[in-house]
Colleague: 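What follows is a structure written as structure tokens; I'll ask about it next.
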There are 2 protein chains.
Amino acid sequence: MILHDIYTIIAEPSRRRILDCLLRSDATVKDLTEELGLSQPLISSHLRLLRESGLVRVQADAQRRIYSLDASPLTGVDDWLSTYRAKWNQHVDRLEEHLDRQKRIKKENLQ
Amino acid sequence: MILHDIYTIIAEPSRRRILDCLLRSDATVKDLTEELGLSQPLISSHLRLLRESGLVRVQADAQRRIYSLDASPLTGVDDWLSTYRAKWNQHVDRLEEHLDRQKRIKKENLQ
DNA sequence: AACTAGTATAAATAATCGTTTATATAAATA
DNA sequence: TATTTATATAAACGATTATTTATACTAGTT
């Protein structure tokens, strides 16, 4: 078996939808199949990967399995992203500067 | 051909390494092959996807192609992550509470 | 005890993707 | 003009992965 890193885990749209569901509230496998309109085995296989990557926890309730979110493994992604945050802020800053300049020019032309 | 969303783009380790390189400084294809130890066609094919997703820009310089980073498409990922940030902060908070309690108990035992 | 509900897993498949090899293009150099 | 340098791309291959189908297991329910 292959160890999945967190980036490939969240690359899958259905898995992100599962996480988004669990962010709102804990849910059983059946809950998730109904909310997302995916087959039970598919949900289960995604949940397995999410479990192995530490993003979800399971708690047994009779036949049911109640899944809940543990977002902490996402901090790694957040750390990686934070290096880039400065960059796109530069972009936004430059855009704002540009708009300010435009505004100033417009004003000057009106005088 | 298939449209790649930003999550699958950054799921690939080599592509993240390319982005990390470009974060430090602009680079030609050759620069990247030497820095990352990957074949030229492989670098080029990764760069193509990065270009298509808007994460990099190209500028021609004779035969060379100078690639530079545009981090702004990553804001989408950042927005998605921000929903989860509150969650893992809860975890950290609980951990801190726990440690504080431990400390307090230790102190009380020493008195 | 038979049946139903909820879930996991194994096998099979189809599609996708990373990687290599080979080739084409375009600009610079000799 | 022939050669070299830098890059892109197409074809081929192997590996991985998402998804379906079928099945097994476990805990209630009748």
Side-chain angles (χ1 to χ4, degrees), chain A residues 1-22 25-70 73 77, chain B residues 1-22 25-70 73 77:
Chain A
M1 209 221 316
I2 290 151
L3 280 177
H4 297 276
D5 72 317
I6 194 79
Y7 294 93
T8 39
I9 292 289
I10 65 168
E12 223 292 318
S14 303
R15 281 195 289 267
R16 284 201 306 281
R17 292 179 65 204
I18 291 176
L19 293 176
D20 291 342
C21 271
L22 294 179
S25 76
D26 295 358
T28 65
V29 178
K30 210 201 173 196
D31 292 339
L32 293 170
T33 61
E34 286 169 357
E35 264 192 79
L36 303 179
L38 301 172
S39 72
Q40 177 268 311
L42 186 51
I43 293 283
S44 282
S45 77
H46 283 315
L47 283 173
R48 190 225 255 259
L49 294 177
L50 291 171
R51 221 185 311 134
E52 286 169 357
S53 69
L55 277 166
V56 302
R57 304 274 165 112
V58 212
Q59 197 190 348
D61 169 39
Q63 317 103 311
R64 278 166 286 277
R65 296 286 176 275
I66 300 172
Y67 280 86
S68 58
L69 182 72
D70 180 354
V77 181
Chain B
M1 209 219 317
I2 292 151
L3 279 176
H4 296 276
D5 71 315
I6 194 80
Y7 294 93
T8 38
I9 292 289
I10 65 169
E12 224 290 318
S14 302
R15 280 197 288 266
R16 285 202 304 281
R17 292 179 65 205
I18 291 176
L19 292 177
D20 291 341
C21 272
L22 295 179
S25 77
D26 295 359
T28 65
V29 178
K30 209 200 173 195
D31 292 339
L32 292 169
T33 61
E34 285 168 357
E35 264 191 79
L36 302 178
L38 300 172
S39 73
Q40 177 267 311
L42 186 50
I43 294 282
S44 282
S45 75
H46 284 315
L47 283 173
R48 189 226 255 258
L49 294 178
L50 291 171
R51 222 185 311 133
E52 286 170 356
S53 69
L55 278 166
V56 303
R57 303 274 165 112
V58 213
Q59 197 189 347
D61 169 38
Q63 319 104 312
R64 278 166 287 276
R65 296 286 175 276
I66 301 173
Y67 281 86
S68 58
L69 182 72
D70 181 353
V77 182

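Throughout, a chain's letter reflects where its sequence line sits, starting with A, and its residues are numbered from 1.
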Colleague: Can you measure Arg16(B) atom CZ to dG18(C) atom P for me and round it to whole angstrom units?
Modeller: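 After rounding, the gap between these two atoms is 12 Å.
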Colleague: Atom CG of Asp61(B) to atom P of dT7(D): distance rounded to whole Å?
Modeller: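 Spelled out: CG on Asp61(B) to P on dT7(D) is 9 Å.
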Colleague: Would the base of dA8(D) count as contacting Gln40(B) through its side chain, where contact means a donor and an acceptor less than 3.5 Å apart?
Modeller: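 A donor-acceptor contact between them is present.
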Colleague: Can you tell me which residue among Asp70(B), Ile18(B), Leu19(B) is in a side-chain contact (heavy atoms from CB on, under 4.5 Å) with Leu55(B)?
Modeller: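 With Leu55(B) as partner, Asp70(B), Ile18(B), Leu19(B) yield a single side-chain contact (heavy atoms from CB on, under 4.5 Å), made by Leu19(B).
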Colleague: Nearest-nucleotide wise, let me know which of Ile43(A) and Ser39(B) is further upstream toward the 5' end of DNA chain C.
Modeller: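 Looking at the nearest nucleotide for each, Ile43(A) comes out on the 5' side.
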Colleague: Any non-hydrogen side-chain atom of Val29(A) less than 4.5 Å from a side-chain atom of Leu32(A)?
Modeller: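 Counting from C-beta outward, Val29(A) and Leu32(A) never come under 4.5 Å.
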Colleague: Rounded to the nearest Å, what distance is computed from the CD1 atom of residue Ile66(B) to the C1' atom of nucleotide dA27(C)?
Modeller: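 Between C1' of dA27(C) and CD1 of Ile66(B): 14 Å.
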Colleague: Just to confirm, is there a sub-4.0 Å distance from OP1 or OP2 of dG18(C) to any side-chain nitrogen or oxygen of Arg15(B)?
Modeller: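 True: Arg15(B) side-chain N/O within range (under 4.0 Å) of dG18(C) OP1/OP2.
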Colleague: Distance check: side-chain N/O of Tyr67(B) vs OP1/OP2 of dA6(D), anything under 4.0 Å?
Modeller: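 No, because none of the side-chain N or O atoms of Tyr67(B) sits under 4.0 Å from OP1 or OP2 of dA6(D).
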Colleague: What is the distance, rounded to the nearest whole Å, between atom CG of Leu49(B) and atom C1' of dA8(D)?
Modeller: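 After rounding, the reported distance stands at 13 Å.
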Colleague: What distance separates Asp26(B) CG from Tyr67(B) OH, expressed to the nearest 0.5 Å?
Modeller: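 Separation between the atoms: 12.5 Å.
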Colleague: For Watson-Crick and G-U wobble pairs within 3.5 Å on both distances, what is DNA chain C written in dot-bracket notation, | included for inter-strand pairing?
Modeller: ||||||||||||||||||||||||||||||
Colleague: Reckon His46(B) has a side-chain N or O less than 4.0 Å from the OP1 or OP2 of dT19(C)?
Modeller: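 Yes.
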Colleague: Output yes when a side-chain donor or acceptor of Arg16(A) lies under 3.5 Å from a complementary backbone atom of Ile10(A), and no otherwise.
Modeller: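 Yes; judged by distance alone, with no hydrogens or angles, the pair exists.
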Colleague: Counting only pairs under 3.5 Å, give me each side-chain donor-acceptor contact of residues 35-44 of chain A, with atom names and distances, residues two or more places apart or in other chains.
Modeller:
from     : atom 1 : to       : atom 2 : distance (Å)
Glu35(A) : OE1    : Arg24(A) : NH2    : 3.4
Ser39(A) : OG     : Leu42(A) : N      : 3.4
Gln40(A) : NE2    : Ser44(A) : OG     : 3.0
Ser44(A) : OG     : Gln40(A) : O      : 3.4

Colleague: Using a 3.5 Å distance criterion without hydrogens, assess whether the side chain of Arg57(A) forms a donor-acceptor pair with backbone atoms of Gly54(A).
Modeller: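 Judged by distance alone, no pair lies under 3.5 Å.
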Colleague: Need one value for Ser45(A): base, sugar-phosphate or nothing, where a base atom within 4.0 Å counts as base even if backbone is also close, heavy atoms only.
Modeller: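 Base contact.
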Colleague: Grab the CG-C1' distance between Leu42(B) and dT9(D) for me, whole Å please.
Modeller: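 Nearest whole value for this atom pair: 13 Å.
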Colleague: Rounded to whole angstroms, how far apart are CZ on Arg65(A) and P on dT26(D)?
Modeller: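 From Arg65(A) CZ to dT26(D) P: 10 Å.
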Colleague: Using whole Å, report how far CD of Glu12(B) lies from P of dT17(D).
Modeller: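 Between P of dT17(D) and CD of Glu12(B): 12 Å.
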Colleague: Less than 3.5 Å between a donor and an acceptor, one on the side chain of Gln63(A) and one on the base of dT7(C), is that the case here?
Modeller: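 When only heavy-atom distances are counted, Gln63(A) does not reach the base of dT7(C) through any donor-acceptor pair under 3.5 Å.
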Colleague: Sequence neighbours excluded, which residues qualify as side-chain contact (heavy atoms from CB on, under 4.5 Å) partners of Arg15(B)?
Modeller: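 If we apply the side-chain contact (heavy atoms from CB on, under 4.5 Å) test to Arg15(B), skipping adjacent residues, the hits are Ile9(B), Glu12(B), His46(B), Leu49(B), Leu50(B).
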Colleague: Of all the nucleotides listed (dT19(C), dT7(C), dA6(D)), which has the minimum atom distance to the side chain of Arg64(B)?
Modeller: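 The closest nucleotide is dA6(D).
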Colleague: Just the rounded figure in Å: distance from C1' of dT21(C) to CG of Leu38(B).
Modeller: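 Whole-Å distance recorded here is 16 Å.
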Colleague: I want to confirm an ordering. Mapping Ala62(A) and Pro41(A) to their closest nucleotides on DNA chain D, which one lands closer to the 5' end?
Modeller: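 Upstream on the strand: Pro41(A).
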